[in-house]
Amino acid sequence: MTKKVYFNHDAGVDDLVSLFLLTQMEDVEVTGVSVIPADGYLEPGTNASRKIIDRFSSYPIEVAKSNSRGENPFPSDWRMHTFTVDALPILNESGKMEAPLSDLFAHKHLIQTLNNTKGKTTLLFTGPLTDLARALDEAPEIEDKIEKLVWMGGTFQDAGNVQEPEHDGTAEWNAFWDPHAVQRVWASGLEIDMVALESTQQVPLTLDVRNKWASDRKYQGVDFLGQCYAAVPPLVHAETNSTYYLWDVLTTAAVGKPDLITSKQVVSSVITEVPSQGRTVVAENGRPVNVVYDVKAEEFFTYITDLSKQIK
Ligand code: AGV
Ligand code: CA
C-alpha cells in the first residue's frame, strides 16, 4: 500500500535533496509540500522545490509558502545554500516552473491537504515544527488525520549542534529555532518519531561519499546529489560548526525504508528558557517519543544512491 506523506522542510541542501528522494520512492505518495524559511530562504526554497518536482516527480505536487518566523534565526551563511540549489542547471534546463503554488500559507495548506486526503497521512518535518504547531492550534481535529510525525530534530546527548551566544550548546537547531513549537507538538496526542542527532551523526558527509557519487555521475539523479552536496563542507579531519551530516535525508529514508533505523521510547519534554532553549530532555512528567538512535549507515547510503539511479 502506498504511504501518503506531507512534507514540510526548511530549504537547506539536505531538505531539498530529501524532496528529490521522496519523489523517487515507489510506495510513497507525496500529498503536499511546504517551505518554512528557517535554515534557508523562502523564495529560492519554494522555487527549487517546484523545479525538483517538475524535473524528478512523475506526478504534480502542490507547494505552499510558510509565513512562520522563529525565535532564534539561523546563520545567514548556511541559509545562502538555498540559492545554490535553486540555480543548478539541471533544475533550470526547461526554463519553466509548473508545479502548482498554493495561495494558502503553509499551516493552512497542511490543514487543507490533510482534510482533502483520504485516510491518514504521515507528516515528514525536516525543519522547525512551527507550521505544525500553528495548524494544531487552529484545527486540533487534524490529529485524527495524522498517521504519525517523523521529525528531524532534538537530541538527548549532552552536546547539541547550536553554538550561539547566550546558549549552552545543548540543543539541536530545529528545536532551538522555535522551542515553543516543539512544546506545542509534544502536548498533542500524535505519535512522534524523532530522528535525533544520536543517529544523524552516524551519517556525515565525507569525501568518500562524495567520490562515490562522482564516480556514478552518469546517472542524472546521482549527479544531482553530488552537485547539491558540493555546496556544503564535509567531515574531513574533525567536526566544525559547519560540518554537514545527512540529517534530513536520513529522516526521509526512515519513512521510505524503516528497517534502516532503530529507535527506543523516551519520555521527554523541551526546555524553552535560556540558556538551554530547545534542549530536549528526559522528563518523568513528559510524553513518549520514539527516538531514532542507530542507523545501518552503509545500507542507508546504498538506498539513497540506488533511488537516485532511477532517474532517466
Ligand atoms: O540540525 C540539523 C538541521 C537539519 O534539518 N539543520 C540542517 C538540516 O537541514 C540545521 C543545521 C545544523 N548544523 C548545520 C545546519 C550546518 N552546519 N549547516 C547547515 N545547517
Ligand atoms: Ca532542515
Side-chain angles (χ1 to χ4, degrees), residues 1-11 13-36 44-66 82 85-86 88-127 131-132 135 142 145-150 219-225 227-228 248-249 251-258 303-312:
M1 227 182 69
T2 58
K3 224 182 245 182
K4 300 196 168 150
V5 178
Y6 184 96
F7 183 34
N8 179 284
H9 72 74
D10 69 341
V13 165
D14 62 336
D15 296 85
L16 292 164
V17 169
S18 295
L19 174 58
F20 157 59
L21 292 169
L22 209 52
T23 65
Q24 300 310 300
M25 295 176 183
E26 248 171 37
D27 34 20
V28 164
E29 179 195 335
V30 187
T31 60
V33 169
S34 47
V35 186
I36 182 169
T46 308
N47 290 347
S49 299
R50 296 173 69 196
K51 292 172 192 173
I52 286 168
I53 292 164
D54 287 349
R55 178 65 187 79
F56 298 120
S57 176
S58 59
Y59 54 97
I61 307 166
E62 193 171 68
V63 179
K65 294 178 180 173
S66 169
T82 321
V85 177
D86 184 44
L88 290 178
I90 189 172
L91 296 183
N92 291 280
E93 195 175 3
S94 78
K96 290 185 280 198
M97 200 155 56
E98 292 178 329
L101 180 66
S102 171
D103 52 13
L104 297 177
F105 288 125
H107 61 295
K108 297 204 186 264
H109 183 253
L110 171 59
I111 297 170
Q112 187 196 57
T113 308
L114 288 171
N115 286 332
N116 290 345
T117 303
K118 220 178 137 205
K120 290 196 179 191
T121 299
T122 297
L123 300 185
L124 172 62
F125 272 62
T126 58
D131 289 322
L132 177 55
I142 57 172
K145 298 285 293 177
I146 298 169
E147 180 71 33
K148 66 172 169 179
L149 165 67
V150 182
Y219 300 97
Q220 293 211 29
V222 181
D223 191 43
F224 179 67
L225 292 179
Q227 301 283 352
C228 286
D248 299 349
V249 173
T251 310
T252 304
V255 170
K257 198 170 177 351
Y303 175 59
I304 63 169
T305 307
D306 285 351
L307 279 177
S308 306
K309 285 183 181 172
Q310 294 173 179
I311 291 293
K312 296 284 168 336

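Each residue takes its place number in the sequence, starting with 1. Bear in mind that the values here come from a model prediction, so they are computed numbers and not experimental data.
Within the structure, side-chain hydrogen bond (donor to acceptor under 3.5 Å, both in side chains) contacts touching residues 16-29 (residues at least two apart or in different chains) are Ser18-Thr252. Note on residues 13-25: no pairs pass salt bridge (Lys or Arg N to Asp or Glu O under 4.0 Å), not counting sequence neighbours. Evaluation of the side-chain hydrogen bond (donor to acceptor under 3.5 Å, both in side chains) test over residues 89-105, restricted to residues two or more places apart or in two chains, returns Lys51-Asn92.
The distance from the CG atom of Asp86 to the OG1 atom of Thr82 is 8.5 Å, given to the nearest 0.5 Å. Atoms CG and NZ, from Leu110 and Lys108 in turn, are 12.0 Å apart once rounded to the nearest 0.5 Å. With rounding to the nearest 0.5 Å, the separation of CG in Leu19 from OG in Ser49 is 5.5 Å. If you take CG on Leu104 and CD1 on Ile111, they are separated by 9.5 Å, rounding to the nearest 0.5 Å.
For the side chain to side chain contact (heavy atoms under 4.5 Å, CB included) test, residues two or more places apart in sequence or in another chain that qualify with Lys120 are Glu147. Take Lys148 and apply the salt bridge (charged side-chain N to carboxylate O under 4.0 Å, His left out) test, not counting sequence neighbours, and it matches Asp193. Partners of Asp248 under the side-chain hydrogen bond (donor to acceptor under 3.5 Å, both in side chains) rule, at least two apart in sequence or in another chain, do not exist in this structure. Remark: Lys145 engages no residue in a salt bridge (charged side-chain N to carboxylate O under 4.0 Å, His left out) (not counting sequence neighbours). The salt bridge (charged side-chain N to carboxylate O under 4.0 Å, His left out) search around Lys4 returns none, not counting sequence neighbours. By the side chain to side chain contact (heavy atoms under 4.5 Å, CB included) test, Ala99 pairs with Arg50, Ile53, Asp54, sequence neighbours left out. For His107, there are no ring pair (Phe, Tyr, Trp, His ring centres under 6.0 Å) partners at least two apart in sequence or on another chain. A search for side-chain hydrogen bond (donor to acceptor under 3.5 Å, both in side chains) contacts involving Asp131 returns Asn8, Ser66, Ser68, not counting sequence neighbours. Judged as a salt bridge (charged side-chain N to carboxylate O under 4.0 Å, His left out), and not counting sequence neighbours, Lys3 has no contacts.
Looking only at atom types and distance, the side chain of Thr305 has no donor-acceptor partner in the side chain of Tyr219 under 3.5 Å away.
Between the side chain of Thr122 and the main chain of Val5, no donor-acceptor pair closer than 3.5 Å is present.
In this structure, Ser57 and Ile61 approach most closely via the heavy-atom pair OG-CD1, 3.8 Å. The heavy-atom pair separating Leu101 from Glu62 by the smallest distance is C-CG, 4.4 Å. Scanning all heavy atoms of the two residues, the minimum distance from Val35 to Ala11 falls at CG1-CB, 4.1 Å. Contact between Ile142 and Ala135 at its shortest, heavy atoms only, is CD1-CB, 3.9 Å. In terms of heavy-atom proximity, Ile304 sits nearest to Leu225 at O-CD1, 4.4 Å.
With a 4.5 Å cut-off on side-chain heavy atoms, Cys228 and Phe20 do not count as touching. The closest side-chain heavy-atom distance from Val13 to Val85 is below 4.5 Å. Side-chain contact between Phe7 and Leu123 is absent, with no heavy-atom pair separated by less than 4.5 Å.
Checked against the 6.0 Å centroid threshold, His109 and Tyr6 count as a close aromatic pair.
The only option from Thr2, Leu22, Leu124 that meets the side chain to side chain contact (heavy atoms under 4.5 Å, CB included) definition with Val28 turns out to be Leu22. Partner Leu16 forms a side chain to side chain contact (heavy atoms under 4.5 Å, CB included) with one of Leu91, Ile52, Leu21 and no other, that one being Ile52.
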### Task
Tell me, with the steps shown, if Phe105 and Ser34 meet side-chain contact (heavy atoms from CB on, under 4.5 Å).
CA-CA 8 Å; Phe105 288 125; Ser34 47; over 6 Å; no
### Task
Evaluate the ring-ring contact (aromatic ring centres under 6.0 Å, His included) criterion for residues Phe224 and Phe56: first the C-alpha distance (whole Å), next the side-chain angles of each, then the deciding distance (0.1 Å), finally the verdict.
CA-CA 11 Å; Phe224 179 67; Phe56 298 120; 5.0 Å; yes
